[in-house]
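Starting from 1, each residue takes its place in the sequence as its number.
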Amino acid sequence: MIFPNYDVIVVGAGHAGCEAAAAAANLGSKVLLITMNMQTIAQMSCNPAMGGIAKGQIVREIDALGGYSGIVTDLSMIQFRMLNRSKGPAMWSPRTQNDRMLFAATWREKLEQTMNVDFYQDMVKSIIIKDGRAAGVVTGLGHSINARAVVVTSGTFLNGIIHIGEKQFGGGRVAEKAATGITEQLVELGFESDRLKTGTPPRVDGRSLDYSKMEEQKGDDEITGFSYTNTPKPNRQISCWITYTNQKVHDLLKTGFDRSPMYTGRIEGTGPRYCPSIEDKINRFAERERHQLFVEPEGWNTVEIYVNGFSTSLPEEVQYEALRNVAGFENVRIFRPGYAIEYDYFPPTQLTHSLETKLINNLFFAGQINGTTGYEEAACQGLMAGINAHQKTRELEPLILKRSDAYIGVLIDDLISKGTEEPYRMFTSRAEFRTLLRQDNADLRLTELSYRMGLASQERMDAVIEKRNGTEKIRQLLKEISIDPSEADGFLASYNSAPMPHKGKSINLLLRPNIGLKEMIEALPSLSPLKGFAADIIEQAEIQIKYDVYIEKEKEIVKKMSQLEDLMIPDNFDYDRVAALSNEALQKFKKIKPRTLGQASRISGVNPSDVQILMVYMGR
């Protein structure tokens with residue numbers, strides 16, 4: 001078989017691989033997406049859901065940059081919820097339940113409709129390297145395929161081992177074989193690799209459950225979705241359900257601990273701290289009498305249920321007996337037991353901010369190979385790696401997002417500056433500028449940047465301009481329109497808000513607690529000029545006005561910190577000549593090679609005095 005020469009080869013077609021292939025292709029690169037199974041492109045290997053705390057912000061950022069995850073999610077959602085509505089807008093996080101099969105089918109359809117993407121089903125066993133740069137791949141069937149850049153998005157497949165009780169077998173996902181060869185080659189070339197572990201719960205037959213014993217969890221009445229484009233939203237939603245474990249369930253689970261691969265030492269990899277297995281939960285939190293389980297449908301037209309919160313690698317019979325003692329699960333039928341999977345990853349301190357490896361030029365890593373967990377974390381890395389692989393082949397500057405630009409920037413900077421020894425999960429608490437990095441303004445932050453590169457469409461850019469102008473227009477109108485007490489007092493009383501002492505500008509009413517702009521427009525005739533604005537523009541204006549002081553404070557902090565971010569450290573800087581550095585700082589600087597003094601200051605183990613010494617030395 002004769003293959004053409006490609007600009008970019010993407011290895012693996014999970015969430016990272018799909019975004020990488022789409023981004024590079026949409027920028028104009030000729031892309032080959034290689035997967036071991038064409039039927040599992042964009043598979044939701046774990047729960048059928050997207051978004052959540054901080055993860056929802058990431059999906060909106062992917063969409064704002066012109067990626068596909070937001071669109072695919074909206075087209076396949078079966079339920080939508082905006083989490084943390086009781087808190088400030090910086091904490092609001094969209095989350096969807098999705099139809100697992102529809103999600104994958106929609107992603108594949110989007111890729112097949114993307115010019116410049118070719119597909120090939122095979123395993124990649126090694127990278128072709130010429131003159132210190134990635135120049136293609138060699139496949140299991142013996143094909144050498146040339147490219148100018150390679151993006152590896154191998155997920156959990158590199159030397160993957162699946163554990164169920166005392167049984168273990170090779171695999172990257174249940175019923176799918178592991179990938180071999182890449183780890184061994186890269187280690188031989190000088191890369192450092194390690195092992196991580198993740199897990200998944202049993203899938204059960206929804207017809208065997210008694211939902212009358214569970215709490216119903218409905219979707220929101222208003223479906224915002226993820227994409228800033230006008231993707232269709234479902235006209236109905238499917239409920240999820242909540243139930244709980246109990247002491248008897250915990251006691252039954254403990255009977256399998258002596259055969260658990262976690263406790264017998266057969267699993268060497270570190271598991272995710274923030275998504276522990278059920279056996280880990282009852283062991284670490286022994287004082288708790290119960291743990292919450294989320295009963296999540298897998299799609300519109302299936303009875304399969306995902307038991308979120310019951311991730312386990314215990315023997316099958318222990319899983320079954322324990323589940324039968326959960327309220328509503330007394331007659332449960334299991335489609336597939338839960339299992340743990342152990343796999344290779346490469347500590348991400350071996351990467352630059354563009355996700356290119358430091359050892360091999362034009363070789364990029366994205367997703368779980370970098371030690372992350374979650375579809376959203378993988379997808380955003382894939383998007384950035386795809387963009388930067390294209391940029392590298394064209395000898396253009398990489399796209400690097402700062403911590404003040406996006407959660408994506410926080411994630412990548414955390415990975416390459418601090419590394420990770422356990423599966424990394426994004427949280428709002430990791431972002432020091434979260435008031436700026438809200439889910440509602442990802443388009444205002446990022447679309448113009450992507451549009452200038454040629455990825456975000458003209459339609460997206462036009463929508464951002466309209467939103468920006470509309471938000472400013474509403475601000476101006478609220479500053480200009482005065483409200484009479486006779487018009488407002490009834491409205492204010494309904495919110496237990498004090499009456500107006502005298503006639504005043506409408507913007508001052510909006511600054512009162514619990515008063516919303518949408519409700520003001522509906523109730524006050526004087527604000528009728530605002531009725532023509534779209535809901536997202538009204539929301540944006542309200543957030544910007546109410547949180548103006550906090551936003552400006554954060555912008556000031558960003559401005560001060562950017563002084564360190566702007567101080568670039570030369571690639572060939574000789575740290576050995578800086579005599580006063582601590583030994584730990586010297587070792588970390590030489591290993592990580594920070595791009596800026598800002599990045600240097602965030603490296604674990606580096607003290608402020610080390611940064612000051614470095615700054616003084618560079619000033620000389």
Side-chain angles (χ1 to χ4, degrees), residues 45-49 52-53 79 81 83 95 97 163-167 174 197-218 238-264 267 271-298 303-341 373-374 422-423 425:
S45 308
C46 206
N47 60 326
I53 308 300
Q79 189 195 84
R81 293 174 67 223
L83 308 183
R95 185 185 189 274
Q97 287 297 134
H163 299 266
I164 304 175
E166 294 172 301
K167 303 169 187 173
V174 73
K197 167 241 162 190
T198 189
T200 193
R203 296 344 187 243
V204 304
D205 188 338
R207 297 169 298 182
S208 66
L209 304 182
D210 183 353
Y211 295 102
S212 67
K213 296 180 178 179
M214 306 180 202
E215 301 167 20
E216 187 173 10
Q217 190 179 50
K218 293 183 177 181
I238 297 179
S239 289
C240 295
W241 303 82
I242 297 172
T243 186
Y244 299 87
T245 62
N246 53 55
Q247 196 56 55
K248 186 172 183 184
V249 171
H250 298 178
D251 292 340
L252 284 164
L253 288 167
K254 287 175 186 173
T255 65
F257 278 15
D258 61 333
R259 290 172 289 158
S260 164
M262 269 182 57
Y263 297 113
T264 57
I267 290 180
R273 178 189 303 263
Y274 302 105
C275 188
S277 64
I278 188 67
E279 54 264 40
D280 199 19
K281 278 192 271 193
I282 64 171
N283 192 42
R284 278 166 52 189
F285 308 107
E287 75 284 358
R288 291 197 188 174
E289 294 180 0
R290 66 179 193 170
H291 292 282
Q292 201 170 41
L293 301 178
F294 296 91
V295 181
E296 301 178 345
E298 298 245 340
V303 297
E304 190 169 351
I305 296 290
Y306 180 92
V307 190
N308 194 343
F310 205 89
S311 178
T312 182
S313 57
L314 288 168
E316 293 165 80
E317 63 274 16
V318 176
Q319 295 184 34
Y320 177 59
E321 284 303 320
L323 270 180
R324 285 181 61 205
N325 285 275
V326 171
F329 280 69
E330 293 82 0
N331 298 304
V332 69
R333 291 189 296 274
I334 292 180
F335 280 171
R336 182 174 97 203
Y339 62 87
I341 181 163
T373 179
E422 61 186 46
R425 186 204 191 283

Flag side-chain contact, heavy atom, 4.5 Å: I305 against F335: no
Validation row: N47, F294 side chains within 4.5 angstrom (heavy atoms): no
For E279 and T312, indicate whether the former's side chain and the latter's backbone hold a donor-acceptor pair under 3.5 Å. no
Taking side-chain hydrogen bond (donor to acceptor under 3.5 Å, both in side chains) as the test, write out the residues that go with E304, two or more places apart. none
For residues Q97 and C240, determine if any side-chain heavy atom of one lies less than 4.5 Å from a side-chain heavy atom of the other. yes
Can you name the one residue among S311, P423, S277 that meets side chain to side chain contact (heavy atoms under 4.5 Å, CB included) with P272? P423
NZ of K281 to CG of N283, rounded to nearest 0.5 Å, is 13.0 Å
Going by heavy atoms in the side chains, are L209 and W241 under 4.5 Å from each other? no
Determine the minimum heavy-atom distance between V174 and Y339, stating which atoms define it. N-OH, 3.2 Å
Closest approach of Q79 and I238, non-hydrogen atoms and distance? NE2-O, 3.0 Å
Closest heavy-atom pair and its distance - S239, P297: O-CG, 3.5 Å
4.5 Å side-chain heavy-atom contact, C275 and T373: no
Tightest non-hydrogen contact, residues P202 and I334, listed as CB-CG2, 4.4 Å
Begin with the C-alpha distance, continue with both residues' side-chain angles, and end with the deciding distance and a verdict on side-chain contact (heavy atoms from CB on, under 4.5 Å) for I53 and L83. CA-CA 7 Å; I53 308 300; L83 308 183; 4.0 Å; yes
So, do I164 and Q319 sit near enough that their side-chain heavy atoms are less than 4.5 Å apart? yes
Listing request: all salt bridge (charged side-chain N to carboxylate O under 4.0 Å, His left out) pairs with a residue in residues 246-259, at least two apart in sequence or in separate chains. R259-E317
Is S313 reaching over with its side chain to a backbone N or O of H163, donor-acceptor style, under 3.5 angstrom? no
Judged by modelled atom types alone, do Q292 and R290 share a side-chain donor-acceptor pair under 3.5 Å? no
Tell me if the CZ atom of R336 is crowded by more than 12 foreign heavy atoms within 6.0 Å. yes
Quick check: does any side chain N or O of R284 sit under 3.5 Å from a backbone N or O of I282, one acting as donor and the other as acceptor? no
Taking side chain as C-beta onward, heavy atoms only, is Y306 less than 4.5 Å from T200? yes
State the CD-CD1 distance between E216 and I242, to the nearest 0.5 angstrom. 10.5 Å
Taking atom CG of D280 and atom CD1 of I278, what is their separation to the nearest 0.5 Å? 9.5 Å
Taking all non-hydrogen atoms of both residues into account, name the closest pair between G52 and R95 and its distance. N-CB, 3.7 Å
What one should report as the nearest heavy-atom pair of A327 and T243 is O-OG1, 2.9 Å
Check whether N325 reaches the backbone of N246 with its side chain - one donor and one acceptor, N or O, closer than 3.5 Å. no
Pairwise distance CZ(R273) to CD(E422) - rounded to 0.5 angstrom: 4.0 Å
Side chains of H250 and R288: closer than 4.5 Å at any heavy-atom pair? no
Given the rule in the side-chain contact (heavy atoms from CB on, under 4.5 Å) test, do Y244 and V249 qualify, once you have shown the distances and angles that lead to the verdict? CA-CA 10 Å; Y244 299 87; V249 171; over 6 Å; no
Examine distances only and state if a side-chain atom of Q247 and a backbone atom of E289 form a donor-acceptor pair shorter than 3.5 Å. no
Go through the steps for F329 and L293 under the test side-chain contact (heavy atoms from CB on, under 4.5 Å), then give the verdict. CA-CA 11 Å; F329 280 69; L293 301 178; 5.6 Å; no
